[in-house]
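No experiment lies behind these values; they were computed from the predicted model shown.
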2 protein chains.
Amino acid sequence: MPLPARMRLAEPAGALRIEASFNVAALGPGASDPRVQAAIVRMRGGITRQTGLMVSSQPAAATAAATLRIFVAAPDHPAPQRLGDSEHYMLNVTAGQATLIADAPLGALRGLNTFLQLIELSNAGFTVPAVLIDDAPRFPWRGLSLDCSRHFIPLGAIRRTLDGMALVKLNVFHWHLSDDQGFRVESKRFPRLQQMGSDGLYYKQTEIRDLIEYAYSLGIRVVPEFDMPGHTTSWFAGYPELASAPGPYSIERKFGIFKPAMDPAKEDTYRFLGEFLEEMTDLFPDEYFHVGGDEVEPDQWKANTRIHAFMKEHGIDGEPLLQAYFSKRVQELVARHGKHMVGWDEALQPGIPKTILIQSWRGPQSLADAARQGYEGILSAGYYLDLMQPASQHYLVDPIQGETAALPGPEQKRILGGEAAMWEELATPENLDAKLWPRLAAIAERFWSPASAKDIASMYDRLAFTSRWLEFHGLRHRESLRLMRERLVAGGDLSAHDAHDSIEALDRFAEVLEPIKEYTRNEDGEKYTQSTPLNRLVDSISPESDTAREFRALVERYLEKRSNSAVTSEALTRLEAELSAWHANLQKVRPLFGRNALLSDCNSVADRLETILQAGLEAIQALRAGRRWDASETSARLARLDQAYAPQSELLIQIQPGVRRLMTAAGN
Amino acid sequence: MPLPARMRLAEPAGALRIEASFNVAALGPGASDPRVQAAIVRMRGGITRQTGLMVSSQPAAATAAATLRIFVAAPDHPAPQRLGDSEHYMLNVTAGQATLIADAPLGALRGLNTFLQLIELSNAGFTVPAVLIDDAPRFPWRGLSLDCSRHFIPLGAIRRTLDGMALVKLNVFHWHLSDDQGFRVESKRFPRLQQMGSDGLYYKQTEIRDLIEYAYSLGIRVVPEFDMPGHTTSWFAGYPELASAPGPYSIERKFGIFKPAMDPAKEDTYRFLGEFLEEMTDLFPDEYFHVGGDEVEPDQWKANTRIHAFMKEHGIDGEPLLQAYFSKRVQELVARHGKHMVGWDEALQPGIPKTILIQSWRGPQSLADAARQGYEGILSAGYYLDLMQPASQHYLVDPIQGETAALPGPEQKRILGGEAAMWEELATPENLDAKLWPRLAAIAERFWSPASAKDIASMYDRLAFTSRWLEFHGLRHRESLRLMRERLVAGGDLSAHDAHDSIEALDRFAEVLEPIKEYTRNEDGEKYTQSTPLNRLVDSISPESDTAREFRALVERYLEKRSNSAVTSEALTRLEAELSAWHANLQKVRPLFGRNALLSDCNSVADRLETILQAGLEAIQALRAGRRWDASETSARLARLDQAYAPQSELLIQIQPGVRRLMTAAGN
């Protein structure tokens with residue numbers, strides 16, 4: 001994962017053994033690229049992590065004898081990595097040797113990760129199947145946008161994220177560095193930005209340079225985003241004169257869309273931004289530079305008579321055009337340093353040059369509009385990981401779909417790819433990995449693999465494998481949640497033995513739950529602030545319940561084969577066993593809810609789960625007995641079942657849809 | 001853990017609430033010490049890790065309003081930390097505020113970790129109980145000796161180890177940096193040491209300086225060890241002229257005691273060591289410097305006629321005295337840089353100055369001898385974590401015990417403490433944490449807490465808590481083994497659902513197992529080399545099975561209360577349920593053993609476990625029925641049971657002793 005563009009298993013089948021003597025020889029004009037050399041070292045370490053074999057760090061004595069030969073056909077231009085740099089590679093594995101051929105260094109990096117992922121364990125020990133792969137990405141821009149403003153994300157977590165991104169062949173880290181709730185970069189020119197806008201939680205310039213270098217070694221571009229003219233309260237804490245309304249300002253602690261906006265009518269604003277962007281375009285070497293531009297509230301502009309006068313004087317008719325003016329000015333400042341400006345949909349305004357790139361949070365229509373006008377774009381709508389939607393939902397969103405699919409070829413070419421986005425209002429460094437992984441791997445496949453890869457069942461099988469694989473490489477998506485749930489069972493006089501049983505009971509209870517979806521957790525924007533603890537059950541579970549999905553699949557399989565009575569009876573027995581086990585577990589888990597403050601609201605969840613489980617067990621009894629409920633009985637039962645599906649403690653009981661299918665069947 | 005010297009819960013009981021608004025004020029002449037400041041930052045992060053609360057990074061507005069006030073009475077001397085620096089602190093927690101008073105910065109560091117450990121979760125949320133603690137260590141030297149030669153340990157793992165050490169108040173990291181199997185330090189003066197002696201796996205001097213600084217900030221001294229004149233094959237790879245027999249030499253790949261030894265009869269040896277020690281005593285600032293001296297094989301010396309002549313010329317009568325001569329010369333070189341030499345027992349030779357420190361792997365007698373002669377010493381015998389012994393066994397070893405306890409006061413004072421030791425022949429970075437933790441915490445308590453702390457049951461209760469606590473602070477002792485076991489169930493066409501069930505079955509199977517003890521895994525020294533994979537079941541389980549220990553305790557509780565028939569029946573039912581569950585699990589786990597090469601030898605373990613489980617179930621039936629086996633029947637059964645306890649695949653089935661007790665009871 002991601003599926004290669006072309007892959008063929010060798011015939012006759014064979015496999016290359018991976019042993020401690022594994023070694024690598026790299027040759028060709030691009031082999032000495034430091035990224036290739038670092039990737040080889042990393043891959044050796046990766047093999048050790050995956051297999052436990054102490055792989056030799058010595059290069060192969062002779063190329064012919066190497067377990068893996070790498071040929072890199074061409075060297076690369078100097079850093080930074082550029083959009084469209086070749087990532088093509090071919091990997092040929094036989095029982096005797098593996099050969100990786102890449103056009104350029106980046107392709108070697110991608111191919112090495114493919115090789116790593118192919119290592120499997122069988123009775124023959126660790127092997128890589130004999131295979132011929134010819135692979136290149138479908139889209140050149142495959143990114144993750146990570147919000148580090150709402151909650152600060154330490155560098156260690158970002159590095160881990162980059163590691164995971166490289167493993168699934170993502171190539172753009174879009175670093176959302178400023179917002180109302182925090183300004184996260186050290187500015188030497190305007191130090192009050194971080195001094196007053198970050199609570200001391202910001203990245204030093206040396207740290208940023210190191211991180212960019214690290215990302216470069218992984219084949220990942222770093223595109224910074226400084227969102228403006230809205231989403232800028234944290235800037236104004238130190239520099240209130242930038243705002244369109246008088247200060248003082250302080251860091252915004254709540255979440256939502258806020259009124260403070262930069263003053264587009266003052267030359268001082270552009271002078272400030274000119275100097276600021278000079279500093280930042282130097283710090284961030286990528287040829288793209290993101291200036292946000294989304295969700296600007298016009299209130300401050302409307303209330304300011306000087307801005308009114310400015311608009312009148314310049315013939316600017318309305319706030320959208322005022323933002324267009326601002327965008328144009330900022331674009332000029334960005335272009336002065338040889339950079340392409342990136343902006344959210346709102347940046348697309350009349351008169352803005354065709355060199356800018358549009359990142360669409362609105363959807364394909366907005367992207368198609370931009371492409372038709374000659375703008376390049378990337379899709380983010382449909383890839384918002386903070387909405388807590390299942391991997392399958394993101395997986396089926398395609399940058400070329402609907403309106404963009406209808407574009408003629410040259411215009412369609414302007415769709416460069418997409419970016420997953422993770423907004424951090426309700427995530428912290430503690431559970432970040434679980435909010436990203438494994439779902440992000442499914443999105444990475446969408447961006448890399450052929451459009452035809454749409455088999456959901458296959459995707460989930462491979463995602464389960466990939467999820468475990470990523471853990472061997474240091475991602476903590478399961479472990480961090482496990483620890484969070486262990487915290488939840490604390491309290492009382494807990495012996496080691498009881499702790500173990502308690503954790504098991506809570507895990508069993510939690511495995512059927514998911515966090516509520518979209519922005520419902522914080523709908524009014526008042527419930528959560530930056531300092532609200534995110535340590536309850538809803539924060540400690542995966543966005544997607546594998547258990548619930550598999551239960552639903554089991555129900556569907558049963559319903560399909562219902563005419564075969566032998567299958568039916570066995571399937572019903574298994575469904576009944578699962579429901580009964582969750583039911584029996586309720587007795588074990590309920591005492592935990594009285595033990596501490598963090599779980600005290602879970603009794604109502606357990607009540608609803610009990611209702612759902614009983615309904616499911618009754619439906620199974622009816623199905624087994626061949627009884628059918630009449631319409632009114634069925635609809636009364638369904639009403640009770642649907643009532644029990646209402647969110648409680650911000651949790652959804654995700655086996656309900658499966659149970660509902662059973663119940664409907666029992667009523668037919 | 002470790003238990004404080006003096007502790008008193010407040011009356012009436014109360015508790016300090018820990019919330020996101022938690023803040024700290026540090027004052028007093030020692031408060032500005034960078035270690036104290038760093039410890040406060042670390043502790044805030046620690047609270048977030050433990051609780052999930054977003055603790056403010058802002059200092060308290062006023063001292064009186066701070067949640068935690070820290071008063072550090074005196075500043076400290078410049079780095080490095082010295083033996084005997086005060087670690088005393090007092091911690092007073094009331095419902096309104098916590099106050100930490102330390103004589104000096106180190107005490108503040110210790111007290112902050114105590115405070116962290118006191119945070120608990122109840123229905124009142126996170127709190128610290130109202131308590132008064134007056135604490136100081138029993139011994140000033142509380143160390144861990146870590147072998148980084150047999151297997152190289154990356155810096156990240158060492159940092160994690162230091163984090164854990166600081167949390168349980170250990171204060172010496174003894175870094176075993178060279179041995180036959182690898183020379184792990186960059187020498188600029190003699191670069192062939194690392195170039196030819198390390199496979200490229202060594203620590204750069206900049207990395208070492210960073211690590212020492214990191215350890216200093218945690219209140220941990222770093223004592224390097226360069227073992228000589230034996231254990232030096234890796235030195236000779238680059239500098240064969242140092243050896244007592246002609247080269248060439250290459251890194252030793254096997255484990256054991258080897259013949260190569262430095263030539264003590266050549267002035268060039270001391271010239272080399274003089275320059276080398278000048279470089280290394282500068283790199284490592286601690287006032288102690290370890291030169292090993294253990295296990296020197298005399299063969300090379302005996303076979304060398306020039307060495308014979310030298311001995312004759314200098315009136316050196318026998319190889320032990322030749323080693324004494326060498327030690328003396330090395331001690332002079334070490335002393336030249338103002339350092340105390342540390343050596344293993346063998347370093348104690350006639351004529352060696354009283355300034356050296358003896359680290360005893362032989363035991364208390366050797367330590368008592370040294371103390372009587374005026375030498376200071378530390379105990380390591382009894383604290384070898386690589387022997388795979390239970391925490392209780394290490395816990396009951398005391399530096400002041402037997403011969404050392406019989407010493408008069410002033411001589412006893414020369415016993416400065418002890419060091420746990422972890423030799424890495426059969427450990428790798430992957431499972432290092434599990435070899436160290438949680439057992440190391442029990443040893444840390446032995447070194448810190450009053451000698452009277454000897455309650456094993458209390459120790460294990462607190463160890464279970466401490467083990468989970470350490471995980472929140474980044475230690476990976478459970479997680480790493482969990483991942484290793486997940487690797488073991490790979491193979492076949494494994495669906496996500498099956499993977500989950502397989503892992504559960506293997507965990508259930510593995511929970512009653514322990515690795516075989518002492519040096520039996522590699523008794524002949526031939527079975528394992530540096531590149532032998534350590535990725536089998538024996539490598540993937542904890543040195544000590546909590547499950548087996550708890551089963552045994554359950555058996556003992558039953559046997560004690562056997563006269564009370566109500567208790568008896570319930571206890572037997574519970575024992576029977578546990579045995580039956582393990583028995584039922586055998587059917588689930590056996591299919592896994594055919595799936596890949598790493599588990600293929602586990603069927604015999606399962607056979608033996610089955611024998612033991614059946615024996616246990618039969619004993620329970622007999623006990624319940626009040627039947628008694630006659631002597632010959634009992635002894636035949638015990639013989640079969642003991643046969644099944646024989647090691648298999650380097651594993652011991654540790655519920656056997658509990659079952660044996662049941663069987664003996666059934667025969668009485």
Side-chain angles (χ1 to χ4, degrees), chain A residues 19-21 48-58 120-126 151 199-201 428-430 460-461 463-465 467-468 471-472 476 479 482-484 486-488 490-492 494-497 499-500 530-536 539 546 550 594-598 600, chain B residues 19-21 48-54 56-58 120-126 151 199-201 428-431 460-461 463-465 467-468 471-472 476 479 482-484 486-488 490-492 494-497 499-500 530-536 539 546 550 594-598 600:
Chain A
E19 290 169 320
S21 57
T48 298
R49 279 165 176 259
Q50 284 180 226
T51 65
L53 298 171
M54 323 284 164
V55 172
S56 158
S57 57
Q58 303 301 316
E120 56 187 23
L121 176 59
S122 70
N123 280 309
F126 292 98
H151 282 111
D199 299 310
L201 299 170
T428 67
E430 188 175 30
Y460 272 119
D461 273 355
L463 193 64
F465 168 88
S467 178
R468 292 193 296 274
E471 281 187 290
F472 275 102
R476 299 177 55 80
E479 174 61 6
R482 197 182 275 135
L483 278 173
M484 290 179 78
E486 294 211 359
R487 172 195 295 150
L488 290 177
L494 195 60
S495 75
H497 192 272
H500 182 265
Q530 207 170 26
S531 59
T532 309
L534 294 168
N535 56 6
R536 292 178 307 131
D539 304 299
D546 292 334
E550 285 166 9
R595 208 143 74 185
N596 69 57
L598 297 183
S600 55
Chain B
E19 290 168 320
S21 57
T48 298
R49 279 165 175 262
Q50 285 179 226
T51 64
L53 298 172
M54 324 282 164
S56 159
S57 57
Q58 304 299 318
E120 58 188 21
L121 176 60
S122 70
N123 280 310
F126 292 99
H151 282 112
D199 300 311
L201 299 170
T428 67
E430 189 175 29
N431 62 16
Y460 273 120
D461 273 355
L463 193 64
F465 168 87
S467 178
R468 291 194 296 276
E471 281 187 290
F472 274 103
R476 299 177 56 78
E479 174 60 6
R482 195 182 276 135
L483 277 174
M484 290 178 78
E486 294 212 359
R487 172 194 294 151
L488 290 176
L494 195 61
S495 74
H497 191 271
H500 182 265
Q530 206 170 24
S531 59
T532 310
L534 295 168
N535 56 7
R536 293 180 305 132
D539 304 299
D546 292 334
E550 285 166 8
R595 209 144 73 184
N596 70 57
L598 298 182
S600 54

For the student: nearest non-hydrogen atoms of [X] and [Y], plus distance:
{"X": "E430(B)", "Y": "G52(A)", "result": "OE1-CA, 3.8 Å"}
{"X": "P533(B)", "Y": "L53(A)", "result": "CG-CD2, 3.4 Å"}
{"X": "A20(A)", "Y": "S531(B)", "result": "CB-O, 3.9 Å"}
{"X": "G125(A)", "Y": "A597(B)", "result": "N-CB, 3.6 Å"}
{"X": "L483(A)", "Y": "F472(B)", "result": "O-CZ, 3.1 Å"}
{"X": "N535(A)", "Y": "T51(B)", "result": "ND2-O, 2.7 Å"}

ask   = To the nearest 0.5 Å, what is the distance between CG (N596(A)) and CD (E120(B))?
value =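 One finds 11.0 Å between CG of N596(A) and CD of E120(B).
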request  = Any chance you could measure R487(A), atom CZ, to R49(B), atom CZ, to the nearest 0.5 Å?
outcome  =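 Going from CZ on R487(A) over to CZ on R49(B), the span is 11.0 Å.
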Which bit of [X] comes within less than 4.5 Å of chain B, counting heavy atoms only: side chain, backbone, both or neither?
{"X": "T48(A)", "result": "backbone"}
{"X": "F465(A)", "result": "neither"}
{"X": "S21(A)", "result": "neither"}
{"X": "E19(A)", "result": "neither"}

inquiry  = I'd like to know which of H151(A), R536(A), R482(A) tops the heavy-atom pair count under 4.5 Å against chain B.
reply    =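 Between H151(A), R536(A), R482(A), the count favours R482(A).
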request  = State, with a plain yes or no, whether a side-chain heavy atom of M54(B) is found less than 4.5 Å away from one of L534(A).
outcome  =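 Yes - at least one pair of side-chain heavy atoms lies under 4.5 Å apart.
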task = Name the option with the most non-hydrogen atom pairs under 4.5 Å to chain A; the candidates are Q530(B), E479(B), M484(B), R476(B).
result =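 The option with the most such pairs is E479(B).
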